[in-house]
Structure formats: structure tokens, C-alpha cells
Amino acid sequence: MSTAEKKADNFIEEIILEDLANGKHGGRIHTRFPPEPNGYLHIGHAKAIVINFETAKKFGGKTNLRMDDTNPSTEETLYVDNIQSDIRWLGYEWEGDTRYASDYFDHLYQFALRLIDKGLAYVDESSAAEIESQKGDIGVPGTNSPHRDRSPAENRDLFERMRAGEFPDGSKVLRAKIDMAHPNLLLRDPVLYRIKHEAHHRTGENWCIYPLYDFAHGQSDSLEEITHSLCSLEFRHHRDLYNWLIEALEIFPSRQIEFARMNVDYFITSKRRLKLLVDEGIVTGWDDARMSTLAGLRRKGYPAEAIRNFCMDTGVTRRDSQQTLDLLEYKVREVLNRDADRYMAVLDPVRLVITNYPEGQTEMLETENNPENEERGTRELPFSREIYVEREDYRKEPQNRKYFRLAPEKDVRLKSAYIIHCEGHEEDADGNVTQINCTYYPDSRSGEDTSGVKAKGTLHWVNAPTAVDIEVRMYEPLFTDPTPMDHEDRDFMDFLNPNSLQVITAKGEPALAEGKVGESFQFLRKGYFTVDPDSREGKPVVNLTVGLKSSWKG
RNA sequence: AGACCCAUGGUGUAAUUGGCAACACAACAGAUUUUGGUUCUGUCGUUCAAGGUUCGAGUCCUUGUGGGUCUACCA
């Protein structure tokens with residue numbers, strides 16, 4: 001399909017289609033993802049990444065990765081590596097080398113001089129507090145700085161001396177000369193450069209003046225000849241300045257388009273607060289499986305494909321959205337149902353004895369690895385007189401017709417094995433079930449059942465003598481409220497879920513002893529799980545990715 | 001208070017740009033099932049309000065109402 005025949009899926013693509021039709025930029029589409037390397041990428045960034053890369057891909061364009069590193073005090077090289085690997089994990093490769101706004105410091109400096117020479121920028125020694133009060137207020141015009149009308153020559157001299165390091169931090173700034181009465185506060189002579197005698201993670205001690213976001217981001221877009229600069233809604237007001245600078249500087253006219261950020265129930269996406277969770281020890285790190293970071297979601301077992309699908313299917317709009325966890329989890333199950341092999345593990349084991357099965361006998365039973373994908377083949381399971389089943393799959397009293405599990409006098413199918421008849425149980429002094437007793441129908445073996453016995457329910461089980469212990473980390477959302485940040489009177493920490501992590505020891509079939517880190521599988525009837533990096537030889541550790549849906553109201 | 005942005009089922013998005021409101025998730029009901037999973041079927045809205053333009057408005061205009069953003073030498 002040629003790009004001319006493509007249909008717009010959202011308002012950004014409509015703009016692109018129009019630009020393409022008008023032959024703008026020779027039909028070239030170039031986007032960029034511009035993270036600040038001062039933290040880990042989270043689910044919100046995933047949305048921006050997907051929009052930028054997928055939009056460009058759809059129209060045969062390219063996407064740059066650019067570190068927005070104009071503030072030497074907050075940015076670190078450590079984050080650069082994590083950002084790059086997270087983007088690759090999500091499934092995207094950017095055009096050429098990773099770019100850095102700091103690579104353009106020389107250009108930016110020249111741009112500043114150009115503005116000064118045109119009489120569109122001036123050096124101001126007003127203090128931060130003075131500049132703030134000059135700003136005026138919403139609906140109230142500001143006042144001109146007393147230094148606003150210096151000559152270009154004087155400004156140039158002062159700015160060059162700023163760059164040369166003659167002045168201390170905070171003593172002077174470079175400001176654009178626009179309009180102190182502008183309704184958009186951002187255009188009331190915004191600060192373009194500040195003095196910071198600080199080493200930068202890439203340029204070292206080369207600079208003691210650093211550009212601010214508004215004098216770096218748009219200019220970097222222009223230098224890279226980005227055609228469509230996609231960003232989130234809160235930058236709407238910056239667009240006026242973005243465009244003013246393009247005109248004043250007479251540089252490549254990138255176009256900024258804003259879309260709404262994506263919020264997801266039970267997830268927070270504030271770098272500061274995410275860091276707080278780590279620093280306070282509420283989670284084990286940035287990659288804790290309860291975190292909204294890509295590192296956390298990956299560790300929890302969320303497939304990159306599911307995250308991509310989620311970001312794409314939730315659309316691109318200009319209105320704030322609050323996505324449900326339901327949809328994200330649906331996307332995760334959708335991928336895992338197709339890809340994850342099935343295994344049996346009992347999370348809350350209770351011993352079940354098949355009293356008429358020969359003692360000391362073990363037989364091997366065949367079972368399919370993935371009913372959704374025959375190519376995954378089969379494997380063998382050991383079966384004997386003593387097995388483990390889920391405690392919750394047993395009721396002490398006989399149950400009604402709608403109950404398909406174990407209870408006295410009930411018949412139940414053991415997955416890929418036999419149908420058993422429940423006789424009853426044994427219990428301790430406190431009434432806890434210590435053992436379930438059953439008999440089996442020898443002629444009901446899976447695949448060759450001639451018993452004629454009908455069992456409505458099928459249970460998962462694990463052969464007791466060969467069971468392996470598995471550490472299972474069961475997760476719930478980190479917060480008890482879907483939008484913990486939306487309470488004016490309460491702190492988000494008030495909503496921490498005390499049950500967000502529960503560690504249990506499960507009994508698993510032998511094959512589970514050798515799972516590889518990051519491998520996902522389904523524990524039959526329970527959910528999807530993935531092998532955690534904390535696993536050690538013979539001591540598997542597994543994370544709950546997402547539970548299976550259940551329509552049973554037991 | 002000024003400027004700007006937004007408003008479609010419980011939730012999130014569509015609607016050939018003015019022509020019978022569609023899809024997904026959730027929920028509920030049923031069918032299939034050796035996972036109470038998967039799959040399949042059905043049920044659940046006249047588009048924030050009022051006025052206007054028009055043969056015809058979710059779409060255009062006006063006025064409201066509600067929500068959001070903006071006054072860092074952060075990005």
C-alpha cells in the first residue's frame with residue numbers, strides 16, 4: 001500500500017497525511033524520542049516511544065533517539081544505557097547513533113549569538129526572584145527588566161564573558177526579548193541560558209553556561225531536521241516559544257504536535273515518586289516487579305509485544321485518559337495464551353492419596369505443552385499413588401451440582417491422568433485438612449478412557465515424590481486505589497497495598513526445576529508466571545505475571 | 001482572573017470529514033471445553049446542556065456547564 005492510500009488512525013496521522021499530500025519536506029517523515037537521562041523509563045514513556053516509532057514506521061519514516069541532557073546537575077550516563085536497552089527490549093531500533101542535546105552545545109551557543117545580534121535576546125542580571133516578579137501573573141501583565149534595552153554589542157560582550165566563566169552561578173542569564181505582557185507567560189522574556197559551573201556527564205568542564213529546555217529541545221529538533229516533534233499535552237504552551245525561536249533563528253521548521261499522556265490504573269509514573277518507593281525500601285529496586293518501569297514490567301513477565309499492543313490500541317488523543325488495568329492484563333494474557341507452555345504447579349498443596357493405586361508404582365503420562373499451539377509438542381509427567389492438589393479445590397462437605405471440584409462423593413478428572421472418586425479426608429486437631437483420600441478408575445486414563453464415568457471438573461496436580469519446591473512471588477497492585485495521586489487530602493503513600501507481595505512455596509512438576517530466567521509459562525488453572533533472575537540452580541524463583549480469568553463464583 | 005486544550009456506553013477509542021453511532025475491554029446470559037482458561041453467540045449508549053445553520057449535525061456556529069494545562073535559572 002502506498003502512503004497515499006493509508007488511512008489516518010488518529011489526529012497526528014491526519015496531519016502527516018496532509019503534509020504528505022502537500023509534499024511538505026519532500027514527503028519525508030522523521031520523529032524522535034527525547035528522554036532526559038535522569039531516571040528509568042516507565043509505562044508512560046512506552047506510550048511515547050510506541051507513538052513515535054510506529055508513526056514513523058507507518059509512513060516509511062525514521063525515528064531518532066536523543067538524550068535531552070542540558071542539565072548537568074541531574075543527568076547521569078548510567079541512565080543512558082538503561083534507556084537504550086529498554087527501548088530495544090520494547091522492540092525498536094532508532095536511526096543512526098544515539099543523539100545528545102549536549103552534542104549541539106556549540107550550535108546552540110551560535111544560535112544565541114544570532115539572537116543577540118538581531119536584538120532578540122539580552123543578558124539580564126536580575127535575580128531569580130526579580131525575574132519571577134517581573135513575570136506578572138496569570139491575567140496580569142509583567143514589567144520589563146531594567147536591562148532589557150542593552151545594545152546588541154553590549155549583550156554580545158556580556159554573553160561571551162558568561163561563556164568564558166567570568167561570572168558566578170546565578171549572576172546573569174540570557175533572555176529572549178519578546179513581550180512582557182504576552183498572555184502566554186512562557187513568552188514573557190523567557191530565560192534561555194543560565195550559568196552553572198558544573199561538570200556535564202558528556203562535555204565535562206567545557207561549558208559553564210547551559211541552555212534551558214526551550215532553547216535546546218526545539219533547536220535540536222531543527223538540527224536533526226525532525227519533521228514531526230511529538231510530545232505530551234503539557235508542552236502546548238511551549239509550542240508558541242518553539243515556533244517563535246524557529247522564526248527568529250530562521251532554522252528548519254520542525255512541527256510540534258502534542259498528544260495526551262497515558263495513565264494506567266494502579267500505576268504511578270512520576271519519576272520523583274518512583275524514586276521515593278525505591279529509596280524508602282518499599283520496593284526492592286527500579287526493576288521490582290510491582291514497579292511501572294519497563295524494567296519492572298519485564299521482570300514481572302509482561303511481554304514487550306503486549307505492551308506495544310496496549311499502547312497502540314489505546315489510541316492517540318488530546319484528552320487525558322485513564323486506562324484500566326483490565327485492558328493491559330488482557331493484552332498480556334492474549335500474548336501469553338498463545339506463547340506460554342503449560343505446566344502444573346500446586347500453589348497451596350495438600351496431599352492426596354489414591355488408595356487403590358498400587359504402592360511403589362510410577363507411570364509416565366503424556367500431556368500437551370500448549371493446546372493453542374500443537375507445534376509445541378508434548379512432555380511426560382510422572383504419576384503415582386501420592387500427589388498434591390490445591391487446598392482450595394477441596395470441600396469437606398458434599399457440594400451442589402454447580403460445584404465441579406473435590407468433595408466427598410465427587411468424581412473429578414486429574415488433568416492428563418485419571419478420574420478419581422473422592423472418599424473423604426483426614427484432619428488435625430484444628431480441623432485443617434491434612435490428607436484427602438480418593439480411589440481412581442483404572443480404565444479412565446486420559447486419551448483411552450473407557451470408564452464411562454463423567455467428571456465435570458478437571459484439576460491440576462503434582463506427583464508428590466518427584467515434586468520440586470518453587471519460590472513463587474505473588475503480586476497484587478502496589479496501591480489499593482487505582483489513582484493514588486488524585487487525592488488532594490491524602491498522600492499516595494497512604495494507599496500502599498500491604499499485600500502487594502506474598503511469597504509462597506509451591507510444589508511443581510520436575511520440568512520446572514530448569515526454567516530459564518525470563519521464560520514465561522502458564523501454571524494450569526492458576527495464571528502466567530515467569531522465571532525471576534533470583535533463581536539459583538535447583539532453586540527456582542518465579543513471579544506471577546497475571547492470573548487467569550475465572551468465571552467461577554465459588 | 002487571562003490564554004490555550006478537551007467533552008461519544010461502566011472504561012478506552014471509531015465514525016468514509018455533514019448522511020442509518022462502530023470496535024475493544026469490563027459486566028451479565030448462553031454454547032463448546034480433559035485449564036470454571038481459550039474460542040463462539042447474545043444483552044447493555046442516540047454523542048455534556050441550551051439555542052442556531054441545514055433536507056439532514058457526534059461532526060459546523062453561539063452561549064453555557066464540567067474537566068485539564070500554564071506564572072522553575074527542571075525537562
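All chains are named by letter (A, B, ...) in the order of the sequence lines, taking the proteins before the strands, and each is independently numbered beginning at 1.
When the C1' atom is used for both B:G64 and B:A29, the distance is 43 Å, rounded to whole Å.
Each of A:S126 and A:K549 was matched to the nucleotide of RNA chain B holding its nearest heavy atom; the match closer to the 5' end belongs to A:K549. Residue A:P183 is the one, among A:P183 and A:P34, whose nearest nucleotide of RNA chain B lies closer to the 5' end (criterion: closest heavy atom).
One finds no side-chain N or O of A:R342 lying less than 4.0 angstrom from the OP1 or OP2 phosphate oxygen of B:U35. Taking only side-chain nitrogens and oxygens, A:R319 comes nearer than 4.0 Å to OP1 or OP2 of B:U13. The phosphate of B:C74 (OP1 or OP2) has a side-chain N or O of A:R194 nearer than 4.0 angstrom. For B:G12, the OP1/OP2 oxygens have no side-chain nitrogen or oxygen of A:T314 closer than 4.0 Å. Applying the 4.0 Å criterion to OP1 and OP2 of B:C74, one finds that A:Y213 has every side-chain N and O outside that range.
Residue-level contact check: A:R318 touches the backbone only, with heavy atoms under 4.0 Å from sugar-phosphate atoms and none from bases. In this structure, A:Y193 reaches neither bases nor backbone, as no heavy-atom distance under 4.0 Å exists between it and the strands shown. Across all strands, A:K271 comes closer than 4.0 Å to no nucleic acid atom at all (heavy-atom distances). Residue A:S446 is classed as a base contact, given a heavy-atom separation below 4.0 Å to a base. As judged by a 4.0 angstrom heavy-atom cut-off over every strand, A:G447 is placed among the base-contacting residues. If you check every strand for non-hydrogen atoms under 4.0 Å, A:T70 touches sugar and phosphate atoms only. Within 4.0 Å (heavy atoms only), A:Q522 reaches at least one base atom of the nucleic acid. Within 4.0 Å (heavy atoms only), A:T317 reaches sugar-phosphate atoms of the nucleic acid but no base atom.
Classified by its glycosidic torsion, B:U13 falls in the anti category, the angle being over 90° from 0.
Classification of A:R239 and A:E258 as a salt-bridged pair holds, one side-chain N sitting under 4.0 Å from a carboxylate O.
Side-chain rings of A:F159 and A:Y109 approach one another, their centers coming within less than 6.0 Å.
Screening A:E368, A:E509, A:E390 for a salt bridge (Lys or Arg N to Asp or Glu O under 4.0 Å) with A:K415, the sole residue that qualifies is A:E368.
Atom CH2 of A:W552 is separated from atom P of B:U35 by 16 Å (rounded to the nearest Å).
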